[in-house]
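On a predicted model such as this, the values are computed, not experimentally measured, just so you know. As the structure lists them, so they are numbered: ligands from 1, and atoms in each ligand from 1.
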Amino acid sequence: MAGTEFYGAEERKEINDVLETGIFFRYNHDQQRNNIWKAKEFEAEVAKLVGAKYAHAVSSGSTAVSCALAAAGIGAGDEVIVPPFTYIASVEAVIFAGALPVFAEIDETLCLSATGIKNAITPKTKAVLLVHMCGQMAQMDEIMQVVKEHNLVLVEDAGQAMAASYKGISTGLFGKTGCYSFDFFKIATAGEGGVMVTNDEVAYKLADNFADHGHDHIGSNRGMENHPIVGFNYRISELHAAIGLVQTRRVPMIKEKNNMHKKFMMQELGKISGVTFASIPDENGDSATFLNMLLPDTNAAQKVVDAFNANGVGGFNYWFTNMYHFINQWNHIKEGKVAAKTNVQLLGAPQDYKNLDLPKTQETIGRLISFGIRASWTEQELKELVAKMTASINQAMSQTA
Ligand SMILES: *Cc1c(COP(=O)(O)O)cnc(C)c1O
């Protein structure tokens, strides 16, 4: 599951480098910093891992989404197609960009589908914020076709799918801009942190300026340079970058172990009648942070959840009734509850958020139970978990039959 499973001497060494110099700021102080530049190294490591031309590290995955949207030119009044199943940060970032979220259908990939996107397009649609969910990836061939056909800007939130790929291209690099989260629950953590990636030089420079009050960072005296655009403070600190750097190096190992564990679970649990899995458009590109199990219907899934709880099987998410990840729980968005007016209130919501018709999404998330996969499981632990899961599922399914 998370990089937090692995923490040790390497992290402490990188943090110590920063503690030795006392330079926690990522810019300037060239004399005192003794050539320690953790944010820059962190960016280079992420760029290498995913094959991006440019990477810019920021304070969180959420601010990385904001940078990705800004750098892609998404702003006031733009309609942006978003999924109703995502970590809420994606939707918040669209709202605080001054743009208007338009919810579209997902499918068994757990991501927006090409059909879902197509059906949500209006003359005002500017962009798609595609979220690669649960460690997997969207069906990119079909989505790119719709994006190109309708001349839409694609921005990818790969907050929970760093190191996932589709046909050899990393999530985050299909669109104009993309981003990853390094919060405490992701495949690699920086404590708090995020990285925006792109292959587009102009977009990269915009993100770099946007994330630091518009400073262009040309030359070695930040603060005295030019300010091509208005920005804000989304900077990462050197301490966080130091942790993110080591954690990023661990990702290939974690991904390999995750995949081994996920394959075993799918093979064993797939033998149970009624159990299927979320579809993975490119199995070779799975980051495998989650096992995504589909039951025949919502009722069956709820029975299985009850059985897991009764039998002490932990470590899973039933998103259908989870607080953060599913639209059924986003009453604040539906009712327009805000601290201060946003463009959704000013311009009017592009859809009736209280009465959204998303049957495919409701049906899919109702059936979905996701298990966080741990790379650090022993064979014994994994086998015991699968045995307990199997017993619980069989027990629940016999009740629904
Ligand atoms: C975690 C996550 C975010 C937000 O990242 P933070 O680092 O927690 O701010 C955004 N989008 C997705 C899809 C996520 O999973």
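- The backbone N or O of L173 sits nowhere less than 3.5 Å from a side-chain atom of S170 that would complete a donor-acceptor pair.
- Taking the ring centre of Y87 as origin, the terminal cationic atom of K186 falls inside the region bounded by 6.0 Å and 45° from the ring axis.
- In this structure, V128 and L112 have side chains that are in contact, with non-hydrogen atoms separated by less than 4.5 Å.
- Residues that satisfy the ring pair (Phe, Tyr, Trp, His ring centres under 6.0 Å) test with W377, not counting sequence neighbours, are H261.
- Note: Y27 and H217 have parallel aromatic rings, judged against thresholds of 30 and 60 degrees for the angle between ring planes.
- Minimum interatomic distance between I121 and L152 (heavy atoms only, all atoms of both residues): CD1-CD1, 3.9 Å.
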N/O contact list for ligand 1, threshold under 3.5 Å:
residue: ligand 1; atom: 5 (O); partner: S181; partner atom: OG; Å: 3.1
residue: ligand 1; atom: 7 (O); partner: G61; partner atom: N; Å: 2.7
residue: ligand 1; atom: 7 (O); partner: S181; partner atom: OG; Å: 2.8
residue: ligand 1; atom: 8 (O); partner: D183; partner atom: OD2; Å: 2.6
residue: ligand 1; atom: 9 (O); partner: G61; partner atom: N; Å: 3.3
residue: ligand 1; atom: 9 (O); partner: S62; partner atom: N; Å: 2.8
residue: ligand 1; atom: 9 (O); partner: S62; partner atom: OG; Å: 2.5
residue: ligand 1; atom: 11 (N); partner: D157; partner atom: OD1; Å: 3.2
residue: ligand 1; atom: 11 (N); partner: D157; partner atom: OD2; Å: 2.7
residue: ligand 1; atom: 15 (O); partner: Q160; partner atom: NE2; Å: 2.8
residue: ligand 1; atom: 15 (O); partner: K186; partner atom: NZ; Å: 3.0

